[in-house]
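Note that ligands are numbered from 1 as they come in the structure, with each ligand's atoms numbered from 1 the same way. Values below: all heavy atoms of this structure, side chains included; hydrogens, waters and symmetry mates excluded. Since the structure is predicted, the reported quantities are computational estimates derived from the model, not experimental observations.
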Amino acid sequence: MTNSNSESQAAAAPSNFLHDMIAEDVRTKKYGDAVIQTRFPPEPNGYLHIGHAKAICIDFGLADEFGGKTNLRFDDTNPEKEEQEYVDSIMNDVRWLGFDWERLCYASDYFDQLYEWALQLVKAGKAYVDDLTADEIRQHRGTLTEPGKDSPYRSRTIEENLDLFTRMKAGEFPDGTRVLRAKIDMASPNLNMRDPVMYRILHASHQRTGDKWCIYPMYDYAHGQSDSIERVTHSMCTLEFTDHQPIYRWYIEHLGIFPSNQTEFDRLNITYTMLSKRKLLQLVQENRVNGWDDPRMPTLCGLRRRGFTPEAIRAFVAASGVSRTNGSTDVEMLEHFQRDDLNRRANRAMAVLRPLKLVIDNYPADQVEFVEAANNPEDPSAGTRKVPFSGEIYIEQDDFRETPPPKYYRLSPGKEVRLRNAYFVTAQSVVKDAAGVIVEVHCTYDPASRGGNSPDGRKVKSTMHWVSAAHAISAEIRLYDKLFAKADPYDLEEGQDVLDNLNANSLEILTTAKLEPSLATAKLEDRFQFERVGYFCIDPDSVPGNLVFNRTLALKDSWAKIEKKSGA
Ligand code: ATP
Ligand code: MG
């Protein structure tokens with residue numbers, strides 16, 4: 001396993017209990033001279049989300065730190081829910097995040113071995129075929145306060161079990177009529193140990209093994225042994241598997257195979273965000289979003305399309321830490337890491353999202369000049385560019401008020417402001433349409449303020465972005481907001497579903513934006529800070545001449561809050 005970027009090591013570098021555990025195992029040579037081996041084991045039943053990014057950073061990051069290796073293993077034991085499309089997207093997303101695997105593995109590659117081991121347990125009297133229905137098995141299972149009841153089939157002879165299990169495999173019985181169960185303890189305080197199901201009958205084609213199998217192993221029977229086959233030393237997973245740890249150990253112990261060890265850590269939960277492949281699939285299927293890579297989705301492909309970067313996601317995951325109890329992380333923290341990254345790396349450009357025409361009455365007719373603009377003030381090596389300026393430009397509608405509210409420092413009649421990199425201008429008058437809507441603002445400029453520099457030390461309180469009308473290019477701008485309206489989407493009223501908490505206004509499309517001409521050549525994966533507006537990237541829907549930009553994040557706009565409060 002190698003990280004394509006040394007920064008990704010930072011994702012797991014801070015000391016935490018997982019790190020300390022591995023360090024201790026290395027010190028005591030728990031696994032002799034074997035290398036540290038981890039795995040990332042997604043089920044290919046959906047696209048990866050940012051929660052998986054945490055698991056990936058832990059699995060790959062920790063192995064890397066200790067000179068170990070990481071396998072990507074598809075936990076493909078549910079043929080009905082799994083698809084090649086998901087396999088492909090998962091590989092793509094892991095790589096995009098900055099990681100590469102030692103070996104590509106599939107639980108289905110182990111079906112023969114798992115079956116042999118099941119026979120071994122049957123022959124040892126440690127597994128039996130049960131004819132109870134799923135409902136009956138549930139009823140016999142008991143509760144946390146009551147022990148379970150033995151199935152009447154629990155006392156079948158080894159010969160009978162061998163006969164029935166091989167016939168299950170041979171396809172003699174319909175779906176759901178029989179299962180193979182481990183014979184453990186129907187009174188165990190841990191319900192997972194009350195004779196867990198190992199195999200179910202399912203006449204379903206598997207995307208890799210085709211129709212070879214009509215019995216499929218359960219997660220608990222497949223996972224630990226797959227780890228063991230790959231000689232995984234540290235099998236890390238989320239806390240909901242804590243109660244499964246005894247069964248993970250039981251199979252390994254009773255089969256006498258390589259002793260992989262499971263350790264649990266907290267799931268990443270983020271406010272205003274739903275992290276569950278099953279529910280995300282529902283959003284896609286019900287067309288509540290435009291596919292898995294809708295820029296509002298918390299999927300890695302959605303975040304990518306939105307303009308998020310792997311560097312920022314890794315830094316966020318590292319900063320959110322690892323714990324033994326589940327908690328919740330503010331989405332603002334993720335946004336902070338993304339802003340921080342883009343602030344350092346994104347080139348600046350000027351774009352007017354909601355244009356208002358500004359006519360400079362004393363600017364020579366037909367004159368065009370080119371003003372110099374820094375591409376990134378945070379990074380002088382990004383250079384400068386020339387931006388055309390003329391006597392008719394666009395400014396944001398919000399940057400002009402005919403009657404300015406208190407503390408409004410932008411353009412208003414008689415007020416002087418700076419046009420970024422260009423000139424000082426003073427608003428003089430407005431032109432309105434029949435409905436009384438302002439369609440043009442007229443102003444004068446001070447030729448001595450070229451470059452936006454004060455000619456005589458006089459100060460202006462505002463610097464505004466602009467785009468020359470004659471040179472502007474048009475583009476569609478997609479403004480995204482939070483997908484959920486509630487910080488905890490699972491905070492539900494009686495009878496509500498989590499999807500009832502969707503934010504009805506999570507997408508706004510602007511079709512009249514005016515952009516500086518340099519943006520005409522923007523490419524996929526280019527990222528920009530539209531000055532004073534936010535961070536943007538090109539959407540894959542974009543075609544030359546018909547550009548589409550996604551807003552990754554707004555710049556923090558403290559003014560919006562003040563304006564709202566004062567009711568202006
Ligand atoms: P989901 O409920 O979204 O389908 P899952 O846990 O079923 O998630 P898997 O494909 O089984 O998804 O997960 C692969 C790995 O990713 C597992 O080790 C799992 O523990 C981990 N993982 C999944 N969701 C999160 C999360 N929110 N935070 C951290 N790790 C996660
Ligand atoms: Mg799962």
**Asked** For Arg267 and ligand 1, does the shortest N/O to N/O distance drop below 3.5 Å?
**Response** yes
**Residues Tyr115, Phe165; criterion side chain to side chain contact (heavy atoms under 4.5 Å, CB included); working and verdict** = CA-CA 10 Å; Tyr115 178 72; Phe165 184 49; 3.3 Å; yes
**Fill in**
ring pair (Phe, Tyr, Trp, His ring centres under 6.0 Å) filter on Phe549, not counting sequence neighbours, yields Phe530
**Fill in**
One finds that the ligand 1 atoms under 4.0 Å from a non-hydrogen atom of Phe40 are 14 (C), 15 (C), 16 (O)
**Request:** Report yes if Phe241 has an N/O atom closer than 3.5 Å to an N/O atom of ligand 1; otherwise report no.
**Result:** no
**Complete:** A student checking ligand 1 against Pro42 at a 4.0 Å heavy-atom cut-off should list atoms 10 (O), 14 (C)
**Message:** Are there over 12 heavy-atom neighbours, none belonging to Lys279, within less than 6.0 Å of that residue's NZ?
**Reply:** yes
**Item:** Glu493, CD atom: more than 12 neighbouring heavy atoms under 6.0 Å
**Value:** no
**Request:** Answer yes or no for His49: is there a heavy-atom contact with ligand 1 below 4.0 Å?
**Result:** yes
**Item:** Option passing side-chain hydrogen bond (donor to acceptor under 3.5 Å, both in side chains) with Tyr31 (candidates Asn261, Asp25, Thr233)
**Value:** Asn261
**Item:** Thr238-ligand 1 polar pair, N/O distance under 3.5 Å
**Value:** yes
**Prompt:** Between Asn45 and ligand 1, does any nitrogen or oxygen pair lie at a separation below 3.5 Å?
**Reply:** no
**Message:** Check this for me - ligand 1, Glu43, N or O atoms closer than 3.5 angstrom, yes or no?
**Reply:** yes
**Item:** Enumerated ligand 1 atoms positioned under 4.0 Å from heavy atoms of Ala55
**Value:** 16 (O), 21 (C), 30 (N)
**Message:** Salt bridge or not between Glu230 and Arg73? Use side-chain N to carboxylate O under 4.0 Å.
**Reply:** yes
**Item:** Heavy atoms from other residues, nucleotides or ligands near CD of Glu240 exceed 12 (cutoff 6.0 Å)
**Value:** yes
**Prompt:** Is any N or O atom of Arg278, backbone or side chain, closer than 3.5 Å to an N or O atom of ligand 1?
**Reply:** no
**Request:** Using the side chain to side chain contact (heavy atoms under 4.5 Å, CB included) rule, take Arg208 and Asp109 through it: C-alpha gap first, then chi angles, then the decisive distance, then the call.
**Result:** CA-CA 9 Å; Arg208 300 192 78 238; Asp109 288 347; 2.7 Å; yes
**Prompt:** Is Leu268 in polar range of ligand 1, meaning some N or O pair under 3.5 Å apart?
**Reply:** yes
